[in-house]
Structure formats: C-alpha cells, structure tokens
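So the structure is just underneath, and the comments pick up after that.
Protein chains get the first letters and strands the later ones, always in sequence-line order, with residue 1 at the start of each. Everything numeric in this text was worked out from a predicted model, so none of it was measured. What's counted below: heavy atoms across the whole structure, side chains too, no hydrogens, waters or symmetry copies.
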Amino acid sequence: MQVTINGKSEDLQAGNVMEVLKHKEVDPHMVAVELNTQIVERDQLEATQVKDGDKLEFLFFMGGGR
Amino acid sequence: MSFTEDQITRYSRHILLPEVGGKGQKKISQAKVFVVGAGGLGSPVALYLAAAGIGTIGLIDSDVVDMSNLQRQVLHHTPDVGRSKVLSAKAKIQAINPDVKVETHEARFTAENALELITPYDIVIDGVDNFPAKFLINDACYFADKPLVHGGILRFEGRVFSIIPKKSACYRCIFKEPPPPGLVPSCQEAGIIGVVAGIIGTIQATEALKIILGIGQPLTDRILDFDAQKTAFREIKTKRNPKCKLCGDNPEITKLFEHEQEVCQLRTPGTVGVT
Ligand SMILES: [Zn+2]
C-alpha cells in the first residue's frame with residue numbers, strides 16, 4: 001500500500017500503526033502519531049489499521065527552548 | 001493615548017502598513033505579553049516585541065547567564081555572564097525601546113505561581129527547555145484562557161504553533177504527557193544550532209503580533225516544523241482532540257500540576273538534548 005509518512009510517499013506492507021512504527025524503527029514513546037490529521041491514542045496504535053492512501057505524521061518530541 | 005513625534009517616527013514602518021496603521025500600533029502599545037524563559041527562544045521574542053513597541057513584556061527565569069548561553073541567547077552579552085537573566089534581558093529591552101514596560105520575575109514558573117503570573121497578560125510565549133514546564137504553560141493558559149505561542153527546538157530542528165484555548169488544538173491534544181524520562185533529549189547535554197532558536201523565536205513573536213492585531217491566519221490547528229539542515233518547513237494539520245485530558249470532552253485535569261522533571265540522562269549515547 002502507498003502511505004504518506006511525514007510528507008513522503010512510501011510503499012509499505014499492510015498493517016496497523018504500531019507495525020508501521022516498528023518498520024520505521026520509531027519508538028512509539030518518542031512520537032505523537034497523527035493519522036489523517038486525527039491523533040491516534042497510544043493504546044490504539046495496534047488497533048488502528050493503516051490503509052492505502054493514508055497520511056501518517058510522526059511528531060517527535062521537541063523539548064528545548066533555551 | 002496618543003503617540004509622540006518620536007514614537008510616530010519609531011513606528012513609522014509599522015504605521016505605513018495598512019494592516020497595522022496607527023490603530024494597530026496603538027493595540028501593540030497597549031498589549032501585554034508574558035515570556036516564560038529568557039533564553040534561546042525568549043531572546044528573539046523579547047527583542048523583536050520590544051522593537052515593535054509592545055506595551056508590557058513580562059519575563060520569568062530563575063537562571064543566571066552562563067558562557068555557554070551566548071551562542072544563541074542573543075539577549076545576553078559577554079559582560080552579562082553571571083548576571084540574572086531577567087535583569088540582563090530588561091536592560092537590553094529598555095535599550096532598544098524605553099517605551100516598553102518590563103516586569104521581571106527571577107523565579108521558576110510553577111503550578112503555584114503560574115496563574116497569578118499570566119492573568120494580567122494578553123498572550124503567553126513558551127520559551128522553556130523542558131517538557132514539564134511546557135505542559136504546565138499549556139495547562140495554565142487553558143485555565144487562564146490566554147492565547148499561547150508554543151515553541152520547541154532540538155539540534156537542527158524547531159517547532160512552533162499557536163493555541164487559542166478551547167478553540168484550537170492544545171499541546172496536550174497532541175502530546176498528552178512528557179515522554180518517559182531519558183528517552184528524548186531536552187537537557188543540557190543536548191546540542192542546538194543557535195540560529196534555530198532565532199528562527200523559531202521570531203516566528204513566535206510574529207504570531208504574538210498577529211494575535212494582538214487580529215490579522216492574518218493564526219498558526220492554530222497546524223504545527224510548523226522547521227529543519228535547518230534541509231532549510232525546509234513542514235506544516236502538520238491538526239485539530240482539537242476530544243480525548244484530550246485537558247481540553248477534551250471529558251477532561252481529567254482540573255487543576256495545575258507539574259509533571260516530574262526528567263533526569264538529564266539519555267539512553268542512547270551520542271545523542272544530545274537541549275537547554
Ligand atoms: Zn487539548
């Protein structure tokens with residue numbers, strides 16, 4: 001399936017959000033995940049299926065400021 | 001209130017703009033902006049807001065200027081090393097523009113003092129360097145109903161977005177709570193390319209001015225991420241999260257509290273955090 005991750009189109013095997021995170025080697029604790037502009041709750045990462053044409057955003061924490 | 005001749009000259013390039021004009025400049029001169037943190041982000045924010053003629057700038061920071069701050073915290077100069085950051089900041093703001101009233105608090109921003117501090121102000125700017133403080137500022141602005149301009153920086157990257165409480169997505173709508181301690185760098189071992197603080201901070205100041213003037217499209221419900229290595233901005237559309245523990249449909253957070261401060265230790269060697 002064709003999925004857009006952080007603005008880049010990628011060809012991935014079908015799966016849930018957690019599987020996509022694992023495939024991209026992203027620790028789920030390090031990001032907030034948005035699927036088609038909707039935040040995916042952390043306990044719903046496995047239950048949420050990613051479909052062809054979906055747009056995923058992995059928002060990494062950015063804590064600095066000083 | 002009317003402007004003196006000097007003030008008309010000083011603000012002439014603003015007044016020339018149809019979107020600002022004399023009326024808008026008056027709004028700016030009457031506005032009160034509270035800046036949490038007089039460091040990397042707080043520096044450009046305070047300098048540009050001072051130059052713009054903001055009526056009152058409130059500043060809170062408990063630190064003194066360190067030599068390692070000077071690479072990016074442009075409010076502070078070499079002779080300021082060892083001096084209170086808020087006092088150093090006040091001197092620079094008043095040198096740029098004596099019209100600006102500066103209220104300084106040499107203190108930490110805490111769950112106890114947060115609401116009292118921000119209540120007299122119109123807008124709050126996040127210029128802090130740690131997650132507990134970022135969540136505290138977000139929550140305090142929600143309870144006090146103050147627009148907040150969030151900013152965050154890390155290494156070569158930065159993030160900025162505005163929050164109009166109860167109307168647009170808040171920090172907690174997206175990030176819920178701080179990451180587990182030690183996982184995400186945010187402390188002093190981190191690196192930051194100094195200019196990124198300038199880029200994100202000046203966008204924060206821009207947002208504050210737009211909110212004051214009521215012009216343009218505020219940076220709400222969209223997160224702006226900047227990557228200095230690519231010189232690229234990316235906009236991530238978002239919206240209020242009905243499950244948000246703060247501003248959602250069934251809020252669990254009903255009063256201010258502080259998340260535990262993360263320990264300045266990273267799991268992955270070689271990676272760095274930011275202060
Ligand atoms: Zn929220």
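With rounding to the nearest 0.5 Å, the separation of CZ in B/F226 from OG1 in B/T231 is 5.5 Å. Rounding to the nearest 0.5 angstrom, the gap separating the CG atom in A/N16 from the CG atom in A/L21 is 9.0 Å. Note that NE2 of B/H150 and CG of B/L219 are 10.5 Å apart. Values are rounded to the nearest 0.5 Å. The distance from the SG atom of B/C141 to the CG atom of B/L136 is 9.0 Å, given to the nearest 0.5 Å.
The part of B/D225 that comes within reach of chain A is its side chain, from C-beta onward, which places non-hydrogen atoms under 4.5 angstrom from that chain. The parts of A/L59 that come within reach of chain B are both its backbone and its side chain, each placing non-hydrogen atoms under 4.5 angstrom from that chain. Within the 4.5 angstrom heavy-atom criterion, only side-chain atoms of B/I223, from C-beta onward, approach chain A. Contacts between B/D221 and chain A at a heavy-atom distance below 4.5 Å are absent for every atom of the residue. Only the backbone of B/E177 comes within less than 4.5 Å of a heavy atom of chain A; no side-chain atom from C-beta onward does.
The most heavy-atom pairs under 4.5 Å with chain A, out of B/R159, B/E157, B/K134, B/K85, come from B/R159. Ranked by heavy-atom pairs shorter than 4.5 Å toward chain A, the options B/G37, B/G127, B/G39 are led by B/G127. Comparing B/G152, B/A169, B/G42, B/G201 by how many heavy-atom pairs each has under 4.5 Å with chain A, the most go to B/G152. Ranked by non-hydrogen atom pairs under 4.5 Å with chain A, the options B/I236, B/D61, B/V196 are led by B/I236. If you tally non-hydrogen atom pairs under 4.5 Å between each of B/A197, B/G151, B/G158 and chain A, the highest count goes to B/G158.
Evaluated for a side-chain contact (heavy atoms from CB on, under 4.5 Å) with B/V149, the options B/I200, B/D126, B/V160, B/T206 yield exactly one hit, B/V160.
Heavy-atom neighbours of B/Y48 OH from other residues, nucleotides or ligands within 6.0 Å: at or below the threshold of 12.
Sequence neighbours left out, the pairs with a member in residues 2-12 of chain A that pass side chain to side chain donor-acceptor pair (under 3.5 Å) are A/Q2-A/S9, A/E10-A/K24. Pairs engaging residues 53-64 of chain A under the salt bridge (Lys or Arg N to Asp or Glu O under 4.0 Å) rule: A/E57-B/R234 [sequence neighbours left out]. Legend: salt bridge (Lys or Arg N to Asp or Glu O under 4.0 Å) pairs involving residues 199-208 of chain B, not counting sequence neighbours, sorted by first then second residue: B/E207-B/K210.
In this structure, B/F135 and B/H259 have perpendicular ring planes: the angle between them is above 60°, well past the 30° mark.
Proximity to chain A at a heavy-atom threshold of 4.5 Å picks out B/K237, B/T238, B/K239, B/N241, B/K243 from residues 237-249 of chain B, in numerical order.
Here the closest heavy-atom approach between residue B/G198 and residue B/T202 is recorded as O-OG1, 2.7 Å.
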